[in-house]
2 protein chains.
Amino acid sequence: MDPAIHPQSTRDKILDVAEARFSQRGFAGVGLQELASAAGLGKSSLFHHFSGKVQLYLAVLDRVLERIELHVAPALASDAEPRAALDRVVDTLIDSLVEHPTAPRLLLRALFEDDEFPDEQAPEVQAVDRRLHSLVSAFHAVVERGVARGVFRKVSAPDTIQTLIGATIYHFASGDFGRELFGEPLLAASAVARRKREVKLLLRHGLRTPGPGPNETPERNPT
Amino acid sequence: MDPAIHPQSTRDKILDVAEARFSQRGFAGVGLQELASAAGLGKSSLFHHFSGKVQLYLAVLDRVLERIELHVAPALASDAEPRAALDRVVDTLIDSLVEHPTAPRLLLRALFEDDEFPDEQAPEVQAVDRRLHSLVSAFHAVVERGVARGVFRKVSAPDTIQTLIGATIYHFASGDFGRELFGEPLLAASAVARRKREVKLLLRHGLRTPGPGPNETPERNPT
DNA sequence: GTCTATACTACGATAGAC
DNA sequence: GTCTATCGTAGTATAGAC
């Protein structure tokens, strides 16, 4: 149990190889035999750690969401000025996606593939849904707060969430296409820095209240 | 051959059911038996119309891209003012995605799933790549033109393309998640209209050159 | 906790009758 | 152009030995 002696359990090793494979080819595209041999196990041994393929997939997803949550939560929880909070969300979210490059694809699949899991009410499904909902509603609150304080235009919060997801999760999920579009890997340091800058600037300018006021520090405008 | 007498060939029927299934569950998630019986055929009959599963999938993709191209091309080809052209691109692209709701998911998969097709140089693969590249480079030109004319900030064109894809294709691909986020189907008339408006406004404000100038008609500012 | 062995189904694809 | 039959493989899952 000591992580210094057992740096990773068999279960964690399975999760690691499953995360890599599922990220690349999706749930249906990966077989348990492939996973088992990649983890150095026999096919049947997987069933001693996970009750089935679906549960393994959900465990992978849950771990990915947990890591994102850990990175982004501070930026979302802070009651900082909305524009600064939004910048921090973009930075921390992109940091977490870059640190674990399997995450964007797994998340993207989870978001757009309508889960067709046999038991919709299974505890594993609900755990994943709960984490996702937590992140989304926290970001929703940041946008609404910005609108209420008058530092953002009267944008639709759900639409803004979708745009942010597209600008971050989709972006870093687009593998060959993205690499060809930019002429360099999406994970290259320069490409990551540019992406952060571009997204933050687009949101900065795109969300701010137009008006004749100065484009900086129109803070605290109660009523 | 007369479309009035033969409104759709067997090949088209196969393409239709394949488009629906592949859109929902992806390439690996759909079996040929399922496709065949949904098209009212025996499994083996598929091989008389397509030489294999991969070719069928690529034919579906190509048809989807062709339809998008037909909708969006006029907006991209026009040498109109860049901001107006951008608005038209958003409108026509979203129109085409809504008209064929299978398209967003198929396109999204094509963009982020690194094609692991046996023969990378097969003509079918290149046909799809060509259509995709055509659309992307045309949009690239619109953004660059706007930057050159000074009506857009000095944004990164590839980053802008990624953002637009996320804001449109990802958005309309996000099924259950999107429906839960908005509280109504993404294809509801009100949701579509709002999405168009939000994306166009975000780009309008997010891309325009800041400066002290008026927020409207800073046209023609040659050096 | 991992293994071999096995059950049963489905997969993509081919051959050949009609 | 569609069919039945079949091949070889791989799929998820279970049972039981070690």
Side-chain angles (χ1 to χ4, degrees), chain A residues 1-3 5-22 24-61 109 113 115-120 122 124-125, chain B residues 1-3 5-22 24-61 109 113 115-120 122 124-125:
Chain A
M1 306 282 183
D2 189 335
I5 299 179
H6 302 285
Q8 95 173 344
S9 63
T10 303
R11 187 189 149 96
D12 287 338
K13 182 159 209 166
I14 295 172
L15 283 173
D16 285 344
V17 304
E19 182 174 324
R21 302 299 223 268
F22 283 142
Q24 280 259 320
R25 298 199 296 282
F27 178 76
V30 178
L32 294 186
Q33 193 162 51
E34 172 192 353
L35 287 181
S37 59
L41 292 175
K43 181 171 55 165
S44 301
S45 303
L46 296 180
F47 291 91
H48 277 266
H49 300 274
F50 303 93
S51 56
K53 192 187 185 185
V54 171
Q55 285 72 27
L56 171 55
Y57 185 73
L58 290 171
V60 168
L61 256 187
R109 289 186 199 275
E113 288 177 344
D115 312 329
E116 43 192 327
F117 298 128
D119 188 357
E120 194 83 10
E124 296 93 342
V125 178
Chain B
M1 305 285 183
D2 189 335
I5 298 181
H6 302 283
Q8 93 174 348
S9 64
T10 302
R11 187 190 149 95
D12 287 338
K13 183 160 208 165
I14 295 173
L15 283 173
D16 284 345
V17 304
E19 181 174 327
R21 306 294 167 114
F22 283 141
Q24 279 258 321
R25 297 198 298 283
F27 178 77
V30 179
L32 293 187
Q33 194 162 51
E34 172 191 354
L35 288 181
S37 61
L41 293 174
K43 181 171 56 163
S44 301
S45 302
L46 296 181
F47 291 89
H48 275 264
H49 298 273
F50 302 93
S51 56
K53 192 188 184 184
V54 170
Q55 285 71 27
L56 171 55
Y57 185 73
L58 290 171
V60 168
L61 258 186
R109 289 186 200 275
E113 289 178 343
D115 313 328
E116 43 192 328
F117 298 128
D119 188 358
E120 195 85 8
E124 297 93 342
V125 178

Could you give the CG-to-C1' distance, from A:Leu35 to D:dT12, as a whole number of Å?
12 Å

Would you find a donor on one side and an acceptor on the other, under 3.5 Å apart, between the side chain of B:Lys43 and the backbone of B:Gly31?
no

Is there a side-chain contact between B:His49 and B:Lys13 in this structure, where contact means two heavy atoms from C-beta onward sitting under 4.5 Å apart?
no

Stepwise side-chain contact (heavy atoms from CB on, under 4.5 Å) test for A:Glu116 and A:Phe27:
CA-CA 11 Å; A:Glu116 43 192 327; A:Phe27 178 76; over 6 Å; no

Take atom CZ of A:Phe50 and atom P of D:dT14, then tell me their distance rounded to the nearest Å.
16 Å

Can you pull every protein N or O that's under 3.5 Å from an N or O on nucleotides 16-18 of chain C?
none

Quick check for you: to the nearest 0.5 Å, what is the distance between A:Gln33 atom CD and A:Leu46 atom CG?
10.5 Å

A:Ala18 versus A:Leu35, closest heavy-atom pair with distance
CA-CD2, 3.6 Å

What is the distance from CZ of A:Phe27 to P of D:dG11, rounded to the nearest Å?
12 Å

Is there a side-chain contact between B:Ser45 and the phosphate of D:dG1, meaning an N or O under 4.0 Å from OP1 or OP2?
no

Considering all heavy atoms of both residues, which atom of A:Arg25 and which atom of A:Val30 are nearest to each other, and what is their separation?
CB-CG2, 4.1 Å

Between atom CZ in A:Phe47 and atom P in D:dT12, what is the gap in whole Å?
7 Å

Look up atom CZ in A:Arg109 and atom CZ in B:Arg109, then write down how far apart they are to the nearest 0.5 Å.
7.0 Å

Please state how far atom NE2 in A:His49 lies from atom P in D:dT14, giving the value in whole angstrom units.
16 Å

How close do B:Ala59 and B:Leu15 get, heavy atom to heavy atom, and via which atoms?
CB-CD2, 3.8 Å

Under-3.5 Å N/O pairs linking protein and nucleotides 7-11 of chain C:
{"residue": "C:dC11", "atom": "OP2", "partner": "B:Gln33", "partner atom": "OE1", "Å": "3.3"}

